[in-house]
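Ligands are counted one by one from 1 in listed order, and the atoms in each one are counted from 1 as well.
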Amino acid sequence: MRHFAVVGSGPAGFYTAEALEKAYGDQARIDILDRFPVPYGLIRFGVAPDHQSLKAVSKRYDKVAESAAVDFVGNVMVGRDISVAELLDLYDAVILATGAPHDRKLGIPGDELAGIIGSAEFVGWYNGHPEFADLDPPLGGEHAAIIGAGNVALDCARILSKTHHEFEGSDIVSHALHALDRSAIRTITILGRRGPHQIAMTPKELGELAHLEAAVPVIEPHDFPPVEADDALEPGLRKSVGLLRGFADLEADKAKRIVFDFFAKPVAFEGDGKVERIVVERTVLDESGAARGTGETYHVPASLVVTAIGYSTSPIPHVPFGGGKFVNESGRIGERLFAVGWARRGPTGTIGTNRPDGYEVADQVAAGMPPGSTGDRSGSEGLKRLLTERGVMPSDYDDWRKIEEAEVGQARPGCPREKFVRVEHWLQAIGR
Ligand SMILES: Cc1cc2nc3c(=O)[nH]c(=O)nc-3n(C[C@H](O)[C@H](O)[C@H](O)COP(=O)(O)OP(=O)(O)OC[C@H]3O[C@@H](n4cnc5c(N)ncnc54)[C@H](O)[C@@H]3O)c2cc1C
């Protein structure tokens, strides 16, 4: 029998557990640990609440959690409740799938002003992440700006633009829905340092902007290179750029506008105690495709700024860390210690990108200790003993089911669930 600990219950953790289970069958026990009693990582706390079909991928993870070889061990934070060295004593291999939950900072003057928030915080606020329940983003001004040219920027712009009615069927949390109902924001400017050919926005997310009830995307046709230049783009990006070009033909006849401002590099935030405007420098692309400032500056008004420029992993004591992720070679950090998902690669790719990642690391584990081989580690038995000694009370998959049942039970009509946004409410739901 082999014992494996997967730390993190997001997509990367679940795909890794699935791969290990397939490789070892009943010859291994796999514990998926998470700091929260609720699983699925960014499927719950990141993916937009109005993209329910994407969130349905968790059904596949449920099957993994329900299999005999796998246990979900929630409410245990590695690095605080137990160290990686202790896990390596208890398990044959430890796979870190802890994601990349921290916003990268722009590092420009004024970025400490109130009203400037990272996308992890903003997204966490509308998705019911307990650490951001009290964020209270300033929605009282007319102008918001989002910095970044990827899908997260589009998610934030869409959420700021939708009407109450358009959130039907979503699982946006009530505190966010009510605050957005009262929002005075009318213009949302998306700032990208480079041009339309350099976006990391996908067709589905862009396409949605053209069909919003109360908002319309606005774009300057002169930001585009000649249309023939699109032929050289890979098909997905070509489609995205085609959609952007189409925005230039739309009538800006709705109450809210989502303005794309390309070749725009924020150089400072200004305001009296809170952000009021962004100082932006016009850029051009140099020969290498990088944005080069032209020295020409202008102001973009904004009383709310969301930065969506990437994420980094949380360091864990004694685990080599660099460049915003764990230092690894093809997922291997060291003897019997691995990383998968965003903790391995950084914040890139889709949910599905984490699958081959998890399977590749499971293959490496199986190469080092082939299925059928045995070890002498105590696995979950030893883990539970140690946690009990420390007064840490782990939760299990049945507890998660109770939380989910309670969330579904208190849902608004037509919505899948009303998420608890406080840790104590999760614990109450499981009788703690
Ligand atoms: C705002 C946003 C929207 C997105 N939308 C889409 C989308 O529409 N479609 C798409 O395909 N992809 C989307 N993605 C990307 C997708 O969410 C990621 O590819 C995926 O979640 C990464 O998986 P992961 O398992 O590496 O990390 P995560 O999903 O972040 O999971 C990490 C898990 O580790 C746990 N953890 C962290 N630290 C510890 C610790 N010390 N101890 C114990 N547990 C710990 C966390 O609680 C979490 O459960 C989006 C990402 C973001 C940020």
Side-chain angles (χ1 to χ4, degrees), residues 5-17 31-58 61 72-84 87 94-104 118-127 129-132 146 148 150-159 200-202 204-205 208 306 308-317 319 325-326 331 339-358 361 392 394-395 400 423:
V6 176
V7 183
S9 68
F14 267 102
Y15 288 126
T16 307
D31 286 342
I32 306 178
L33 281 66
D34 204 284
R35 58 190 289 233
F36 292 137
V38 298
Y40 314 136
L42 286 173
I43 302 297
R44 179 179 172 102
F45 294 124
V47 172
D50 57 343
H51 283 173
Q52 286 299 309
S53 58
L54 273 170
K55 290 186 183 249
V57 70
S58 64
Y61 307 153
F72 174 68
V73 186
N75 222 18
V76 178
M77 183 156 173
V78 173
R80 182 192 64 192
D81 300 325
I82 186 164
S83 70
V84 168
L87 284 178
V94 175
I95 300 103
L96 302 178
T98 50
H102 298 298
D103 286 296
R104 290 227 166 107
S119 59
E121 301 170 60
F122 184 63
V123 167
W125 170 73
Y126 63 64
N127 266 324
H129 192 298
E131 281 161 12
F132 308 117
I146 298 166
N151 281 338
V152 176
L154 291 182
D155 278 355
C156 295
R158 194 178 67 254
I159 296 296
M201 298 167 169
T202 48
K204 176 185 179 293
E205 280 71 15
E208 284 175 86
V306 180
I309 54 164
Y311 301 96
S312 68
T313 298
S314 290
I316 295 182
V319 180
K325 58 190 184 201
F326 296 122
V340 290
W342 280 17
R344 166 189 175 176
R345 307 188 310 273
T348 56
T350 62
I351 296 164
T353 318
N354 300 295
R355 186 174 183 275
D357 215 40
V361 162
V392 179
S395 63
W400 153 238
V423 174

Does [X], backbone or side chain, put an N or O under 3.5 Å from an N or O of ligand 1?
X: Thr348; value: no
X: Tyr40; value: no
X: Ala48; value: no
X: Tyr311; value: no
X: Ala12; value: yes
X: His51; value: no
X: Ala343; value: no

Quiz prompt | Under 3.5 Å side-chain donor-acceptor pair for Asn75 and Ser395 | solution =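 The criterion, which ignores hydrogens and geometry beyond distance, is not satisfied for Ser395 and Asn75.
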Across all chains, not counting sequence neighbours, the ring-ring contact (aromatic ring centres under 6.0 Å, His included) partners of Phe36 are Phe45, His129, Trp426
Can you figure out which of [options] has its heavy atom closest to [atom]?
atom: atom 14 (N) of ligand 1; options: Asp357, Val47, Ile43; result: Val47
atom: atom 12 (N) of ligand 1; options: Val340, Val6, Ile351, Asn127; result: Ile351
atom: atom 37 (C) of ligand 1; options: Thr98, Ile316, Asn151; result: Thr98

What atoms of ligand 1 come within less than 4.0 Å of a heavy atom belonging to [X]?
X: Met77; result: 41 (N), 42 (N)
X: Thr350; result: 11 (O), 12 (N), 19 (O)
X: Gly99; result: 26 (O), 27 (O), 30 (O), 32 (C)
X: Val76; result: 42 (N), 43 (C)
X: Gly341; result: 26 (O)

Given side chains that start at C-beta, do those of [X] and [Y] come closer than 4.5 Å, heavy atoms only?
X: Thr313; Y: Phe326; value: yes
X: Asp155; Y: Val123; value: no
X: Ile32; Y: Ser9; value: yes
X: Asp50; Y: Ile159; value: yes
X: Ile351; Y: Val47; value: yes
X: Lys204; Y: His51; value: yes

For Ala97, state whether at least one heavy atom is located under 4.0 Å from any atom of ligand 1. yes
So, does Pro101 sit close enough to ligand 1 that a heavy atom of it is under 4.0 Å from the ligand? no
Practice task
Just need the protein heavy atom nearest to atom 51 (C) of ligand 1, so name the residue and atom and give the distance.
Solution key: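 Ranked first by proximity to atom 51 (C) of ligand 1 is Trp342 CH2, 3.7 Å.
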Worksheet entry | Spatial distance of atom OG1 (Thr98) from atom CG (Leu33) [nearest 0.5 Å] |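 So the OG1 of Thr98 and the CG of Leu33 are separated by 11.5 Å.
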Notebook entry, point to check: Can you tell me how far OH of Tyr40 sits from OH of Tyr61, rounded to the nearest 0.5 angstrom?
Noted result: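 Separation between the atoms: 10.0 Å.
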